[in-house]
> 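Below is one structure. I have some questions about it.
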Amino acid sequence: MQRQSSLALVAAGLATSIVVWTGSEQAVEASGGATAAAGIDLDGDFLPDIVEWVTLTSRANPDTDGDANSDFVEVISGGDPRTEGPALPADQQMRVFVTGSQPGSTDPRAWMHVFYRVMPTGGAAAGASAVQAFDAWIENPSLPGLQISLNALFTSPEVVFAERVTAEQGTWMQLSAPMVAEPILQAVSPCTVWVESTVMGQQLQSGVQLLPVPAGMATMIPIEEGRFVLQTTSPIPSTSTSLTIESNKVCVLTLEEDTSGPAGTTYIVTDADCDDANDLECDSTCSQSVGWTVTIPGGTELLSGS
């Protein structure tokens, strides 16, 4: 009953009307607190700093691993932006992330970010008009089949929309919308946020797994086959008097599929070890994750995006 009440609260906060985003008329440039949460991009790589925290990329370097593949392309393509690798294939791509608030921010809300890379095909122009359908929702494995629509989020006047046309890497688009206060979203975690979209006739799907942790809320970020980083959705502030983000702790989990059912695919954490990020390693509690189970509607393939 408590779980249903929490979901009802989220439903009230998120609204349930269905809206199909087919152009920039559904999104306007935001200002003030919204820009601080979703628009600041210090290195100009088209990934806001708050998103770079979640993806473990550098907010001061547009190519974190120095392999001549931009962080944006590697992140949206489901690559590994922290390890040098070959160029990734160009195709229609989409990736969704959920982030928390910046340290020092008065905005307590979580934010949902949808990124596209649209490649022109058959002479057709790439851009917002290439997005022919859009559907977003949230699911909780304890209530299989219940989908709370998130489409109405993207009609908010605070939505951040940005677009960049590149010479060889297609058109990049960002669509970021405020959600509910982070504690409310944490109350219904673990949960999965989904997005399905049709781009240039190609159906794309991406999702985010959100999990409650002692620090608040965390998201699972794939880094290699079968291995995921459990990363906090909000940055960890440094111990200095400034708000500069200097520390990060990540725990790398190895997942093995266990069972599959109406609620999704259940995985067991079979190994957990520390990896450094921003020059600080996580502590010994990481190993306590071994034996955990996590159920993901759509499976881990959803977390890498299309």
Side-chain angles (χ1 to χ4, degrees), residues 7 10 14 21 47 51 54-56 73-81 88-89 91-99 110-117 131 133-151 153-154 173-177 179 185 188-199 202-213 217-231 233 252-270 292-306:
L7 281 172
V10 171
L14 296 176
W21 176 62
L47 292 173
V51 174
V54 168
T55 61
L56 303 178
V73 170
E74 291 199 76
V75 166
I76 304 311
S77 302
D80 183 1
L88 298 169
D91 200 357
Q92 319 307 339
Q93 289 155 345
M94 178 187 71
R95 190 96 182 262
V96 59
F97 298 98
V98 172
T99 62
W111 279 71
M112 181 176 174
H113 311 267
V114 184
F115 295 94
Y116 292 92
R117 180 166 72 142
V131 181
F134 179 90
D135 195 16
W137 67 92
I138 186 172
E139 290 187 37
N140 187 289
S142 65
L143 296 171
L146 176 62
Q147 298 180 350
I148 300 175
S149 176
L150 304 179
N151 290 348
L153 293 177
F154 295 94
M173 293 184 292
Q174 172 196 353
L175 191 63
S176 298
M179 303 179 76
L185 193 58
V188 297
S189 299
C191 60
T192 305
V193 173
W194 290 63
V195 173
E196 284 188 347
S197 194
T198 302
V199 179
Q202 182 175 342
Q203 188 173 8
L204 307 178
Q205 189 177 78
S206 179
V208 175
Q209 184 73 10
L210 300 175
L211 299 165
V213 295
M217 191 167 64
T219 182
M220 292 180 63
I221 300 297
I223 58 169
E224 57 187 65
E225 186 69 28
R227 288 169 62 81
F228 301 80
V229 165
L230 194 61
Q231 173 66 315
T233 54
V252 183
L253 309 178
T254 300
L255 301 184
E256 290 189 4
E257 184 174 336
D258 183 32
T259 60
S260 183
T265 304
T266 299
Y267 300 86
I268 297 177
V269 177
T270 59
W292 284 1
T293 61
V294 57
T295 300
I296 306 175
T300 55
E301 296 84 358
L302 184 75
L303 306 183
S304 298
S306 301

> Under the side-chain contact (heavy atoms from CB on, under 4.5 Å) rule, collect the residues that match up with Thr259, sequence neighbours excluded.
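By the side-chain contact (heavy atoms from CB on, under 4.5 Å) rule, Thr259 matches Thr266.
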> Which heavy-atom pair separates Val114 from Val96 by the least distance, and what is that distance?
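Between these two residues, the closest heavy atoms are CG2-CG2, 4.2 Å.
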> Quick check: does any side chain N or O of Thr219 sit under 3.5 Å from a backbone N or O of Gln209, one acting as donor and the other as acceptor?
yes
> Do the side chain of Ser197 and the main chain of Ala133 share a donor and acceptor less than 3.5 angstrom apart?
yes
> Quick check: does any side chain N or O of Arg95 sit under 3.5 Å from a backbone N or O of Val75, one acting as donor and the other as acceptor?
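Yes.
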> OG1/Thr55 to NE2/His113 distance, rounded to the nearest 0.5 angstrom?
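So the OG1 of Thr55 and the NE2 of His113 are separated by 10.5 Å.
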> Can you give me the closest heavy-atom contact between Val252 and Val229, atom names plus distance?
CG2-CG2, 4.0 Å
> Considering only heavy atoms from C-beta outward, does the side chain of Leu150 approach that of Met179 to under 4.5 Å?
yes
> Within the 4.5 Å heavy-atom criterion, are Val51 and Thr99 side-chain neighbours or not?
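Heavy-atom side-chain distance check passes, below 4.5 Å.
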> Rounded to the nearest 0.5 Å, what separation is found between the CG atom of Asn140 and the OG atom of Ser189?
8.0 Å
> Enter the distance from Leu146:CG to Cys191:SG here, rounded to the nearest 0.5 Å.
11.5 Å
> Measuring from Thr192:OG1 to Leu210:CG, what's the distance to the nearest 0.5 Å?
7.5 Å
> Under the criterion side chain to side chain contact (heavy atoms under 4.5 Å, CB included), I'd like the reasoning laid out for Leu255 against Val269: C-alpha separation, chi angles, the key distance, then a yes or no.
CA-CA 5 Å; Leu255 301 184; Val269 177; 3.5 Å; yes
> Are Met220 and Leu230 close enough that some pair of their side-chain heavy atoms sits under 4.5 Å apart?
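Result yes, sub-4.5 Å side-chain heavy-atom pair found.
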> Would you please test Ile148 and Val188 for side chain to side chain contact (heavy atoms under 4.5 Å, CB included) and show each step?
CA-CA 12 Å; Ile148 300 175; Val188 297; over 6 Å; no
> Of the non-hydrogen atoms in Val98 and Val54, which two are nearest, and what is the gap between them?
O-CG2, 4.1 Å
> Under the side chain to side chain contact (heavy atoms under 4.5 Å, CB included) criterion, do Leu211 and Trp292 qualify, and how do the steps go?
CA-CA 12 Å; Leu211 299 165; Trp292 284 1; over 6 Å; no
> To the nearest 0.5 Å, tell me how far Gln174 CD sits from Tyr116 OH.
12.5 Å
> Could I get the full list of side-chain contact (heavy atoms from CB on, under 4.5 Å) partners for Pro141, not counting sequence neighbours?
Ala263, Thr295
> Classify the ring geometry of Trp137 against Trp194: parallel below 30°, tilted from 30° to 60°, perpendicular beyond 60°.
parallel
> Within a strict 4.5 Å, meaning less than it, do heavy atoms of the Val294 and Leu253 side chains meet?
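Result no, sub-4.5 Å side-chain heavy-atom pair not found.
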> CZ of Phe228 to OG1 of Thr254: how many Å apart, nearest 0.5 Å?
9.5 Å
> Checking Ile221 against Phe97 for the side chain to side chain contact (heavy atoms under 4.5 Å, CB included) test, could you report, in this order, the C-alpha distance in whole Å, the side-chain angles of both residues, the deciding distance, and whether it holds?
CA-CA 9 Å; Ile221 300 297; Phe97 298 98; 4.3 Å; yes
> Nearest heavy-atom pair of Met94 and Val195: which atoms, and what distance?
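Closest pair (atom of Met94, atom of Val195, distance): CE-O, 3.4 Å.
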> If every non-hydrogen atom of Ala136 is compared with every non-hydrogen atom of Asn151, which pair is closest and at what distance?
N-OD1, 2.7 Å
> Write down the atom of Leu185, the atom of Met217, and the distance for their closest heavy-atom approach.
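Closest approach of Leu185 to Met217, heavy atoms only: CD2-CE, 3.8 Å.
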> Only counting residues at least two apart or in another chain, list the ones meeting side-chain contact (heavy atoms from CB on, under 4.5 Å) with Thr265.
Glu257, Ser260, Tyr267
